[in-house]
Amino acid sequence: MSRWRLRALIVLIYVVVGIYVAWLYDYITPGLLRDLAEALLAVFLWFLVLLGIDLHIGG
C-alpha cells in the first residue's frame with residue numbers, strides 16, 4: 001500500500017471515529033442533520049428557492 005493511501009485511510013478512520021464520538025456526546029443530533037440537509041438543498045437547488053418552492057424538511 002502506498003504512503004498516500006495509508007495516510008488517506010488513517011485520516012478516514014480518524015474522521016469516522018470523530019463523527020461517532022460527536023454523535024455519542026450529542027454534538028451531532030438529528031435536528032442538526034436535518035438543518036444541514038435543508039441548507040445543502042437550498043445551496044444546490046437555489047433556483048427552486050427563487051421560484052418560491054419551500055425546501056424545508058419535515059414541516
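All residue numbers refer to positions in the sequence shown, counting from 1. Note that the coordinates shown come from a computational prediction; the quantities given were computed from them, not determined experimentally.
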Side-chain heavy atoms nearer than 4.5 Å, only ILVMFWY residues, links allowed to pass through others: does that put Leu36 and Ile57 together?
no

Taking the hydrophobic residues Ile, Leu, Val, Met, Phe, Trp and Tyr, and joining any pair whose side-chain heavy atoms are under 4.5 Å apart, which ones share a cluster with Val43?
none

Phe47, CZ: over 12 other non-hydrogen atoms inside 6.0 angstrom
yes

So, taking the atom named CG in Leu40 and the one named CG in Leu55, what distance separates them when rounded to the nearest 0.5 Å?
11.5 Å

Gap between atom CG of Leu41 and atom CG of Asp54 - 0.5 Å precision:
11.0 Å

Out of curiosity, does Leu50 fall in the hydrophobic cluster containing Ile53 (side-chain heavy atoms, cut-off under 4.5 Å, transitive links)?
yes

Please table the atom pairs, donor to acceptor, closer than 3.5 Å between any side-chain atom in residues 7-34 and protein atoms at least two apart or in another chain.
unit_1	atom_1	unit_2	atom_2	d
Thr29	OG1	Leu32	N	3.2

